[in-house]
Amino acid sequence: MRFSDYPLAGELKQNIEALGYQRPTDIQYKAIKPILEGEDVLAVAQTGTGKTAAFAIPIIQLLHQKKTSRRQSGVKALIMVPTHELAIQMTTVFHQLAKHTHVKAYRVFGGVEQDPQIATLNNGVDILIATPGRMFDLHSQGHLNLDTIQILVLDEADQMLALGFRKDIHQLATKLPKRRQTLFFSATIDEEIKELAYGLVKNAIRIQISPDDPVSKNVNHAVCFIEMDDKRFFLERMVKEYPDSKMLVFVRTKVRAERVQQALARAGLVAETIHGDKDQRERQAVMQAFHKGELLVLIATDLTGRGVDIPQVAFVINYDLPEDEEQYVHRIGRTGRGKEHGQAFSFCSEEERPMLKRIEAYLNKPIQVIDIDPKDYQETLFFSDNGPSDWRSLMKEQEAEKPYKGKKRR
């Protein structure tokens, strides 16, 4: 089936074609029809499968066909997302798909002035993409009326729970009309997510896209065994060997992100960081630069890197292995998006080997190992511009870093 075969408005079909979409992905094929028919949907699909378009296309169609020449007041669709970056990214997709239709989408999140957001809401918005904190602020202040909501979407629901938004979601449900369509999208499913989902949806169509290999077929991934203190030198080498390639580097903490960036700077290499301690304007500027290719190396934590959809990311580097094995799939899914192909490399130290075993157990197969010749290993350290020429400074830096023991398992 092709998108041209769906009962969609001509304007929407034009926009879909302009984006280069021809045939729906599995999640889109299974979700679009029931959403158009007004069904509640509970969908579980891995990262990079086209989840946003799976609900954006039918929502725009439903609202477009209901619109009259006179704008109806109130938000009709509320889409809840866990992070600022995902809100911005999703709004871009909605703008692209809603072009020339009667549907207007907007996003709100914290960390920036709310007056412009209030002004836009007052002018009329059909689809609101929001993070929980700012959405509740605007509602409590009387700037956002939830009585007009016809469609509720929870996207990246597993991440919403991981960030502690469970109570917020339950509170939201009490404020929305009981007669509404609810769409629940998550990359993973467990008992906690099931409990939350079934408390929100009614007679939902359940969709689960679970390939044998949760890693996208467009991503080649491998692991290299590198000692914790040596990782900076190997990252420097990769950046120098691929100077024109976009790289997304994942670390485990905000402090570590800054230290890795400083290590690259000492070697004369440009990189930026993105994490929760950054001002929202800084985060937006960094993301825009990375998206445009003005910045080629971005160092991120899991919170800010989740859901990031940047074109032409050639490499994902797991500078630190993730504490949660499912995050491994989310991380390396930032490359090889759509029809692109990508590479992912993990730097695994001795103390991270138990985490590697958990990741491989989750994947149901071992990860390819790249053996580093001892001579090459030593040469990487010796020839680094960031080499250990000032041992006192390096020792102080290492002492300031908390020892890494990994996450305790229950």
Check against side chain to side chain donor-acceptor pair (under 3.5 Å), Q114 and Q141: CA-CA 11 Å; Q114 69 173 21; Q141 295 167 26; 2.7 Å; yes

Test log, rule side-chain contact (heavy atoms from CB on, under 4.5 Å), inputs V75 and I149: CA-CA 6 Å; V75 175; I149 300 296; 3.6 Å; yes

Mind running side-chain contact (heavy atoms from CB on, under 4.5 Å) on K278 and T273 for me, showing each step along the way? CA-CA 8 Å; K278 289 276 188 178; T273 61; 2.9 Å; yes

Under the ring-ring contact (aromatic ring centres under 6.0 Å, His included) criterion, do Y319 and F250 qualify, and how do the steps go? CA-CA 6 Å; Y319 191 89; F250 281 101; over 10 Å; no

Decide salt bridge (Lys or Arg N to Asp or Glu O under 4.0 Å) for E191 and K194; before the verdict, give the C-alpha distance in whole Å, the side-chain angles of both, and the deciding distance to 0.1 Å. CA-CA 5 Å; E191 290 306 315; K194 283 181 184 178; 3.7 Å; yes

Verify salt bridge (Lys or Arg N to Asp or Glu O under 4.0 Å) between R166 and E195, making sure each step is shown before the conclusion. CA-CA 11 Å; R166 184 187 182 96; E195 182 184 347; 3.3 Å; yes

Would you please test V44 and F185 for side-chain contact (heavy atoms from CB on, under 4.5 Å) and show each step? CA-CA 6 Å; V44 180; F185 282 76; over 6 Å; no

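Without hydrogens or angle criteria, Q181 side chain to E39 main chain gives a donor-acceptor distance under 3.5 Å. Of the possible donor and acceptor atoms, none in the side chain of D40 sits under 3.5 Å from a partner among the backbone N and O of V201. In this structure, the side chain of E340 engages the main chain of Q312 through a donor-acceptor pair within 3.5 Å. Counting only distance, with no hydrogens or angles, the side chain of H139 and the backbone of L144 share a donor-acceptor pair below 3.5 Å. In this structure a side-chain-to-backbone donor-acceptor pair under 3.5 Å is present from D320 to R252. Checked by atom type and distance alone, the side chain of K246 pairs as donor or acceptor with a backbone atom of P311 at under 3.5 Å. Looking only at distances, no side-chain donor or acceptor of Q22 sits under 3.5 Å from a matching main-chain atom of F3. Checking side-chain atoms of Y29 against main-chain N and O of R23 turns up no donor-acceptor pair under 3.5 Å. With hydrogens and angles ignored, the 3.5 Å screen pairs a side-chain donor or acceptor of R334 with a backbone N or O of H330. In this structure a side-chain-to-backbone donor-acceptor pair under 3.5 Å is present from S140 to D137.
Considering CG of N318 and CZ of R331, their distance stands at 4.5 Å, rounded to 0.5 Å. The distance from the NE2 atom of H143 to the CD1 atom of I118 is 3.5 Å, given to the nearest 0.5 Å. We find the CD-CD distance between E325 and Q327 to be 10.0 Å, quoted to the nearest 0.5 Å. Note that the CE atom of M287 and the CD atom of E85 stand 6.0 Å from one another [nearest 0.5 Å]. With rounding to the nearest 0.5 Å, the separation of CD1 in I332 from CZ in F345 is 11.5 Å. For the atom pair CG (L78) and CD (Q150), the distance works out to 12.5 Å, reported to the nearest 0.5 Å.
With hydrogens and angles left out, the side-chain atoms of Y377 and D230 include a donor and acceptor closer than 3.5 Å. Side chain to side chain, Q288 and E294 fail the donor-acceptor criterion of an N or O pair below 3.5 Å. At a cut-off of 3.5 Å, with distance as the only test, a side-chain donor of Q208 or R206 sits close to an acceptor on the other residue. Under the 3.5 Å distance criterion, with hydrogens and angles disregarded, a donor-acceptor pair is assigned to the side chains of E352 and S349.
Just one of K254, R256, E258 meets the side-chain hydrogen bond (donor to acceptor under 3.5 Å, both in side chains) condition when paired with H275; it is E258.
Taking the six-membered ring for Trp, Y362 and Y328 have ring centres at least 6.0 Å apart.
Residue L97 comes nearest to A56 through the heavy atom pair CD1-CB, 3.8 Å, listed as atom of the first residue, atom of the second, then distance.
With sequence neighbours excluded, no residue forms a salt bridge (charged side-chain N to carboxylate O under 4.0 Å, His left out) with K99.
By the 30° and 60° cut-offs, the orientation of the rings of H64 relative to H102 is parallel.
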